[in-house]
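Keep in mind it's a predicted model, so treat the numbers as computed, not measured.
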Amino acid sequence: MTTHIFRRTAMAACIAVLLASSAVSSAGTPAAAASDIDTDKRIATDFIHLAYNEKQPQQAADRYLAPGLVQHDPALANGARPWARATASRLRQYPRLRETVLRALAQDHLVVLHVLQKRTPEDRGTAAFEVYRLDAGRIAEHWTLKQTVPARSANGHTLTDGTTESPWTQPEWLQHHTDDARDFTDLVFNQGRAEEAVRKYLAPDLVQHDPDIGDGPQAYLDFARSLPVRNGGDQLRIQRIVADMKFVFVHSVIPSPRGPVAMGDLYRVDFNGKFAEHWSVIQQMPKRAARGNTPN
């Protein structure tokens with residue numbers, strides 16, 4: 001606990017330095033890392049825009065996808081060509097479809113896009129996390145999580161509104177954000193220690209976008225207390241975590257009799273190092289994917 005408090009105090013002490021100095025970005029390693037992150041984000045966002053908003057899926061595939069794309073969408077086969085054909089068919093079915101990228105994270109050539117998909121302007125839409133692994137400047141692997149935006153919410157927010165940008169943070173703090181997200185997820189979903197998780201990691205003014213949970217730590221605690229304690233093969237498994245700026249994304253899978261449940265949780269970290277805003281997408285996956293791929 002002492003280490004945790006020290007870490008958060010140290011984080012607060014660094015803020016003035018971070019805001020006052022731009023010299024860090026001119027140093028070799030941080031600048032190069034920032035350049036890679038920005039490039040990866042641009043590739044992913046340009047891919048979405050060209051494919052769905054400019055209605056050019058074949059051009060998007062030729063420009064941005066690796067020919068041997070590894071696909072985890074259970075409805076699609078591996079490869080760039082099957083994706084291009086399926087997307088072209090979808091655009092013929094929904095010619096007014098648009099996708100808006102609201103948040104973008106990148107780390108170690110993994111990119112997470114938080115997207116609002118709308119078939120028509122009047123549509124409430126579908127919230128999605130599109131996760132890409134890039135290799136040599138092309139998208140080599142793809143995971144997707146989608147959830148229809150409901151008409152009502154327990155907190156008055158939507159699945160996608162809220163803060164879209166975050167202040168820059170020192171790269172070393174990204175590991176702290178990753179560790180905190182991993183520990184929080186494990187405490188809540190696997191260990192049944194929700195009170196500890198909420199006390200350690202949630203900000204008192206938590207803004208909640210999960211439509212089934214109200215704002216604030218107490219509402220999240222009430223939700224977490226209703227979860228079953230999972231043991232052995234039933235435990236939630238974290239597949240990947242991506243931390244960027246003051247955002248951290250957790251991609252996880254929970255086994256269930258109906259098939260795996262894929263979850264995406266996005267947290268905004270405040271200046272005290274606590275989770276101050278939370279977005280989620282939950283998707284039931286089939287027991288057996290038509291194409292033999294998996295959600296993880």
Side-chain angles (χ1 to χ4, degrees), residues 32-94 97-99 101 103-115 117 126-147 178 237-244 249-253 255 259-264 266 281 283-296:
S35 176
D36 287 345
I37 288 171
D38 291 342
T39 298
D40 288 349
K41 288 181 185 178
R42 178 183 53 78
I43 289 170
T45 54
D46 287 355
F47 167 71
I48 288 284
H49 182 72
L50 180 59
Y52 295 103
N53 299 337
E54 295 189 12
K55 309 297 189 282
Q56 299 292 336
Q58 187 60 60
Q59 288 187 24
D62 293 342
R63 187 177 301 176
Y64 296 113
L65 295 185
L69 172 72
V70 178
Q71 180 64 257
H72 296 274
D73 185 325
L76 294 176
N78 289 329
R81 288 183 179 179
W83 176 88
R85 288 196 298 267
T87 303
S89 175
R90 188 178 180 212
L91 290 171
R92 287 193 295 270
Q93 185 178 5
Y94 303 108
L97 183 147
R98 289 192 65 83
E99 298 205 356
V101 177
R103 296 163 191 89
L105 293 73
Q107 185 181 36
D108 297 331
H109 299 298
L110 280 174
V111 180
V112 179
L113 300 183
H114 194 195
V115 177
Q117 305 172 344
T126 298
F129 288 118
E130 303 291 354
V131 184
Y132 304 105
R133 178 178 62 82
L134 274 68
D135 184 19
R138 286 182 174 266
I139 296 169
E141 195 164 5
H142 172 232
W143 299 262
T144 185
L145 301 96
K146 298 178 181 180
Q147 182 176 342
T178 298
R237 298 189 301 274
I238 294 176
Q239 304 300 322
R240 53 198 53 83
I241 298 178
V242 177
D244 183 10
F249 171 78
V250 182
H251 184 192
S252 56
V253 174
V261 177
M263 300 198 313
L266 177 63
V281 166
Q283 183 174 0
Q284 176 71 58
M285 296 293 184
K287 279 188 177 181
R288 291 184 176 86
R291 303 292 182 174
N293 46 19
T294 67
N296 57 345

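- Of the possible donor and acceptor atoms, one in the side chain of Asn53 sits under 3.5 Å from a partner among the backbone N and O of Glu99.
- Thr87 OG1 to Arg92 CZ: the interatomic distance, rounded to the nearest 0.5 Å, is 10.5 Å.
- Taking 4.0 Å as the cut-off between side-chain N and carboxylate O, Arg63 and Asp46 do not count as a salt-bridged pair.
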Given side chain to side chain contact (heavy atoms under 4.5 Å, CB included), test His72 with Val131 step by step and report yes or no. CA-CA 10 Å; His72 296 274; Val131 184; over 6 Å; no

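- When all heavy atoms of Val253 and Pro260 are compared, the closest pair comes out as CG1-CB, 3.7 Å.
- The shortest side-chain heavy-atom distance between His109 and Asp40 falls under the 4.5 Å cut-off.
- Residues passing the side-chain contact (heavy atoms from CB on, under 4.5 Å) test with Thr45, sequence neighbours excluded: Val101, Leu113.
- Proximity of Tyr52 to Arg90: side-chain heavy atoms (C-beta onward) are separated by under 4.5 Å at one or more points.
- Shortest non-hydrogen contact noted between Pro82 and Ala77 is CB-O, 4.0 Å.
- Taking every heavy atom of both residues into account, Arg103 and Leu266 meet most closely at CD-CD2, 3.8 Å.
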Assess the residue pair Tyr132 and Glu141 against the criterion (side chain to side chain contact (heavy atoms under 4.5 Å, CB included)); give the C-alpha distance rounded to whole Å, side-chain angles, the decisive distance to 0.1 Å, and a yes or no. CA-CA 6 Å; Tyr132 304 105; Glu141 195 164 5; over 6 Å; no

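- The distance between the ring centers of Trp83 and Phe47 falls below 6.0 angstrom.
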Do Gln117 and Glu130 pass the side chain to side chain contact (heavy atoms under 4.5 Å, CB included) test, and can you show the C-alpha distance, the side-chain angles, and the key distance before you say yes or no? CA-CA 11 Å; Gln117 305 172 344; Glu130 303 291 354; 3.3 Å; yes

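- Summarising the local packing, CZ of Arg81 is surrounded by 12 or fewer heavy atoms from other residues, nucleotides or ligands at distances under 6.0 Å.
- With hydrogens and angles ignored, the 3.5 Å screen pairs a side-chain donor or acceptor of Gln284 with a backbone N or O of Gly259.
- Between Ile139 and Leu69 the shortest heavy-atom distance is O-CD1, 3.7 Å.
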